[in-house]
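Presented below is the structure to which this report refers.
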Amino acid sequence: MVGDAQVASVVDTIGVLGPYPELFPNAPGDAWGPWRERHSNLFDGDSWRLPFRSFVVRGRGATVLVDTGVGPAGGGDWMPDREGRLLDGLARVDVAPDAVDVVFISHIHVDHVGWTHAFPRARILLHRLGWELANARGERDFIRRNLLELAGRVETVEGEAEIATGVIAFETPGHSPGHMSLRVGDELVLLADVAPHPAQLSEPSFVFAFDDEPDVAVQTRREVLAAYGDRILACPHFPGAGFGRIDGGVWAPLT
């Protein structure tokens, strides 16, 4: 619970993205030992094993789904053997697809938009730059199916925008054009991919290979930590349920 809002974490799938040295190319070779001890479930040998999840915010006059995972199994070439579990997970927290009022897309990457087509009533909100990127890359099946074919329900936002009572979207650039995060009340920040790995909250200079603007992403992490480091910080790729606090300079899951 965050004030009078309930926030639930729902996993779509878990998969191996690739070797740590390739995904975080400027991290020292010995950097990952302590993180293996803290979060062994984020490791498959020397590779990064991570969850792909969404968050649901309820109780502020709307049901908001934050990102929509990778999508149905067999729905594309990216992780084709995955299990698409998002709808089953939403059912376990009593959220039916037609009960979702708002789908908020933090950014236009395949693992954040895959089930958007499954929510027939929802307004679809994303940054203007994200929508422009979707239109520029419309030949990709996951973008066409989950955004362009739903264009009549798409609304764009910029700067800071209250997408539901007490739920504020704000710009966090660097990872992808139009990348945004969410503040929920005064206690919780849903980071999206500001820091895909918890190590980056201790070492903001660790660059993720999929950051479009690495220097901007590093600066954004530092700014987010300075502004919100005392709040609950959640990410779709963090261990546990994704919720945690920074304790002694290290992000630790809430128990």
Side-chain angles (χ1 to χ4, degrees), residues 2 7 17 20 22-28 31-32 35 39 42 48 50-55 57 64 66-67 104-113 125-134 136-137 156-163 167-239 242-247 249-252:
V2 180
V7 185
L17 191 58
Y20 273 92
E22 294 180 11
L23 294 172
F24 299 94
N26 73 332
W32 299 106
W35 298 100
H39 306 301
L42 293 182
W48 186 14
L50 67 161
F52 299 85
R53 69 162 64 81
S54 303
F55 295 96
V57 183
V64 178
V66 183
D67 291 327
F104 176 77
I105 302 297
S106 64
H107 62 291
I108 307 301
H109 278 174
V110 63
D111 56 317
H112 292 261
V113 304
L125 305 185
L126 69 162
H127 194 281
R128 174 183 59 83
L129 293 178
W131 181 235
E132 291 177 0
L133 181 65
R137 297 180 177 176
T156 62
V157 296
E158 293 185 69
E160 290 201 358
E162 187 170 38
I163 66 169
V167 182
I168 310 296
F170 64 102
E171 297 180 356
T172 44
H175 179 61
S176 179
H179 187 280
M180 301 189 85
S181 302
L182 288 178
R183 299 193 302 268
V184 182
D186 296 325
E187 299 177 56
L188 172 66
V189 176
L190 300 178
L191 294 170
D193 281 2
V194 168
H197 196 286
Q200 293 176 288
L201 296 180
S202 297
E203 301 289 348
S205 64
F206 284 7
V207 169
F208 181 36
F210 290 100
D211 286 340
D212 276 5
E213 299 178 278
D215 292 343
V216 176
V218 169
Q219 182 61 27
T220 293
R221 278 191 286 280
R222 289 174 172 153
E223 291 175 355
V224 166
L225 285 166
Y228 306 116
D230 60 345
R231 302 193 187 190
I232 299 169
L233 301 176
C235 173
H237 307 303
F238 282 8
F243 303 103
R245 290 188 181 274
I246 294 177
D247 182 8
V250 176
W251 183 89

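By convention here, the first residue in the shown sequence is residue 1.
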Worksheet item: Do Phe170 and Tyr228 have ring centroids that are under 6.0 Å from one another?
Response: yes
Fill in: Test side chain to side chain donor-acceptor pair (under 3.5 Å) applied to Glu160 - qualifying residues, sequence neighbours left out
Arg183
Worksheet item: Which heavy atom of Leu190 sits nearest a heavy atom of Ser181, and at what distance?
Response: O-CB, 3.2 Å
Discussion item. Would the distance check show the side chain of Thr172 and the main-chain N or O of Val194 forming a donor-acceptor pair, the cut-off being under 3.5 Å?
Written reply: no
Discussion item. Is any side-chain heavy atom of Leu133 closer than 4.5 Å to one of Ser176?
Written reply: yes
Worksheet item: How long is the span from the CD1 atom in Ile105 to the CG atom in Leu125, to the nearest 0.5 Å?
Response: 9.0 Å
Discussion item. Regarding Asp67 and His107, do their side chains bring together a donor and an acceptor under 3.5 Å, going by distance alone?
Written reply: no
Practice prompt. Please check if the side chain of Thr156 supplies one atom and the backbone of Arg128 the other of a donor-acceptor pair under 3.5 Å.
Written response: no
Worksheet entry | Any Phe55 side-chain heavy atom under 4.5 Å of Phe104 side chain | no
Worksheet item: Do you know the tightest heavy-atom contact between Ala169 and Ile163?
Response: CB-CG2, 4.2 Å
Worksheet item: Any side-chain donor paired with an acceptor under 3.5 Å for His179 and Glu171?
Response: no
Worksheet, complete the sentence: Looking only at heavy atoms, the pair that brings Trp251 and His39 closest together is O-NE2, 4.0 Å
Discussion item. Is there a side-chain contact between Phe208 and Leu23 in this structure, where contact means two heavy atoms from C-beta onward sitting under 4.5 Å apart?
Written reply: yes
Discussion item. If you define the side chain from C-beta out and look only at heavy atoms, does anything of Phe238 sit under 4.5 Å from Leu201?
Written reply: yes
Worksheet item: What closest approach, in Å, do Ala192 and Met180 show between heavy atoms, and which atom pair accounts for it?
Response: CB-O, 3.7 Å
Worksheet item: Are Glu187 and Arg231 close enough for a salt bridge, meaning some N to O gap below 4.0 Å?
Response: no
Worksheet item: Is the backbone of Pro204 close enough, under 3.5 Å, to the side chain of Arg222 for a donor and an acceptor to pair up by distance?
Response: no
Fill in: Point-to-point distance, once rounded to the nearest 0.5 Å, from CZ of Arg53 to SG of Cys235
8.0 Å
Worksheet item: Atom CG of Leu225 and atom CG of Asp230: how far apart are they, to the nearest 0.5 Å?
Response: 11.0 Å
Worksheet item: Would you call the rings of His237 and Trp48 parallel, tilted or perpendicular, where under 30° means parallel and over 60° means perpendicular?
Response: perpendicular
Worksheet item: What is the distance from atom NE2 of His175 to atom CG of Leu191, rounded to the nearest 0.5 Å?
Response: 12.0 Å
Worksheet item: Donor-acceptor pair, Asn26 side chain versus Val207 backbone, under 3.5 Å?
Response: yes
Worksheet item: Are Val167 and Leu182 close enough, and set up right, to give a side chain to side chain contact (heavy atoms under 4.5 Å, CB included), and what steps lead you there?
Response: CA-CA 7 Å; Val167 182; Leu182 288 178; 4.2 Å; yes
Worksheet item: Of all heavy-atom pairs between Pro239 and Pro198, which one has the smallest distance, and what is that distance?
Response: CD-CG, 4.1 Å
Worksheet item: His197 pairs by ring-ring contact (aromatic ring centres under 6.0 Å, His included) with which of Phe206, Trp32, Phe210?
Response: Trp32
Discussion item. In the structure I gave you, are the side-chain heavy atoms of Pro177 and Asp212 within less than 4.5 Å of one another anywhere?
Written reply: yes
Discussion item. I need the minimum non-hydrogen distance between His112 and Ser106, along with the two atoms involved.
Written reply: ND1-OG, 3.6 Å
Worksheet item: Atom NE2 of His127 and atom CG of Leu129: how far apart are they, to the nearest 0.5 Å?
Response: 5.0 Å
Worksheet item: Under 4.5 Å between any side-chain heavy atoms of Leu126 and Val157, yes or no?
Response: no
Discussion item. Quick one: does any side-chain atom of Arg137 pair with a main-chain N or O of Ile108 as donor and acceptor, under 3.5 Å?
Written reply: no
